[in-house]
Amino acid sequence: KEGKCIAWEESLVDPKITARFYERWANGEEKLNSTYAADVARKLPFLPRGVDGSQPFIQRILRQIAQKNIEAICADTYRETKETLSVKSKEVATSRAACLQLE
């Protein structure tokens with residue numbers, strides 16, 4: 001309706017973008033160990049805008065990308081988890097100190 005913001009329930013896909021994504025890998029234009037592949041792998045399960053992840057040929061490519069870039073994915077996950085734990089442990093220490101002062 002006019003004047004009302006409605007959130008999308010699904011991401012939009014574009015057959016042309018999906019086909020181009022597939023062609024880049026199928027034709028060897030893009031390599032599984034490229035910077036772009038690592039970027040795609042790091043963002044999984046989210047796909048580049050417009051790519052239809054429900055297509056079996058796209059799913060095969062994504063599995064190959066993930067397998068080839070598993071070390072990068074794991075390193076990023078480890079770093080992010082370590083940073084989150086560091087922040088949380090500081091919050092716990094601060095909360096504990098505040099509780100001890102109340103006693």
Side-chain angles (χ1 to χ4, degrees):
K1 292 184 177 183
E2 188 174 306
K4 184 176 180 183
C5 183
I6 300 172
W8 291 102
E9 293 186 14
E10 297 180 18
S11 63
L12 297 176
V13 296
D14 183 331
K16 290 179 183 178
I17 293 173
T18 301
R20 179 67 184 122
F21 182 84
Y22 172 76
E23 289 167 6
R24 287 177 75 166
W25 305 99
N27 297 337
E29 178 181 330
E30 199 63 61
K31 303 293 183 206
L32 293 173
N33 60 352
S34 69
T35 303
Y36 180 63
D39 287 342
V40 169
R42 284 184 181 103
K43 293 176 181 154
L44 290 173
F46 303 103
L47 302 178
R49 187 177 308 251
V51 176
D52 185 358
S54 69
Q55 299 297 323
F57 56 90
I58 296 296
Q59 291 174 3
R60 279 193 303 275
I61 291 170
L62 294 174
R63 275 193 300 275
Q64 292 171 351
I65 290 170
Q67 289 170 350
K68 184 69 175 177
N69 293 280
I70 192 70
E71 289 179 15
I73 295 168
C74 291
D76 284 351
T77 302
Y78 176 76
R79 181 185 43 75
E80 290 169 9
T81 302
K82 191 174 175 183
E83 289 171 3
T84 300
L85 286 174
S86 175
V87 169
K88 294 295 181 188
S89 65
K90 289 175 186 172
E91 290 174 7
V92 168
T94 303
S95 295
R96 184 170 186 268
C99 288
L100 291 175
Q101 286 179 356
L102 293 175
E103 291 180 354

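Computed over heavy atoms, backbone and side chain alike; hydrogens, waters and symmetry mates excluded. Each residue takes its place number in the sequence, starting with 1.
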Are Glu23 and Arg20 close enough that some pair of their side-chain heavy atoms sits under 4.5 Å apart? yes
Close side-chain approach of Arg60 and Pro56, heavy atoms under 4.5 Å: yes
Using the side-chain contact (heavy atoms from CB on, under 4.5 Å) rule, take Arg63 and Lys68 through it: C-alpha gap first, then chi angles, then the decisive distance, then the call. CA-CA 9 Å; Arg63 275 193 300 275; Lys68 184 69 175 177; over 6 Å; no
Arg49, CZ: over 12 other non-hydrogen atoms inside 6.0 angstrom: no
[X] side chain to [Y] backbone, donor-acceptor under 3.5 Å:
X	Y	value
Asp52	Asp14	no
Gln59	Gly53	yes
Ser89	Leu85	yes

To the nearest 0.5 Å, tell me how far [X] [atom1] sits from [Y] [atom2].
X	Y	atom1	atom2	value
Ile17	Leu47	CD1	CG	12.0 Å
Glu30	Tyr22	CD	OH	15.0 Å
Glu91	Lys88	CD	NZ	4.5 Å
Leu62	Phe21	CG	CZ	5.0 Å
Asn69	Gln64	CG	CD	11.5 Å
Arg24	Asn27	CZ	CG	11.0 Å

Please find the pair of heavy atoms, one from Ala41 and one from Ile65, that lie closest to each other, and give the distance. CB-CG2, 3.8 Å
Do the side chains of Phe46 and Val13 join up, straight or via other hydrophobic residues, at under 4.5 Å, putting them in one cluster? no
Are Leu44 and Ile58 linked, directly or through intermediate hydrophobic residues, by side-chain heavy-atom contacts shorter than 4.5 Å (ILVMFWY only)? yes
Salt bridge between Arg42 and Glu80, side-chain N to carboxylate O under 4.0 Å? no
Can you label the angle between the Tyr36 ring and the Trp25 ring as parallel, tilted or perpendicular, going by 30° and 60°? parallel
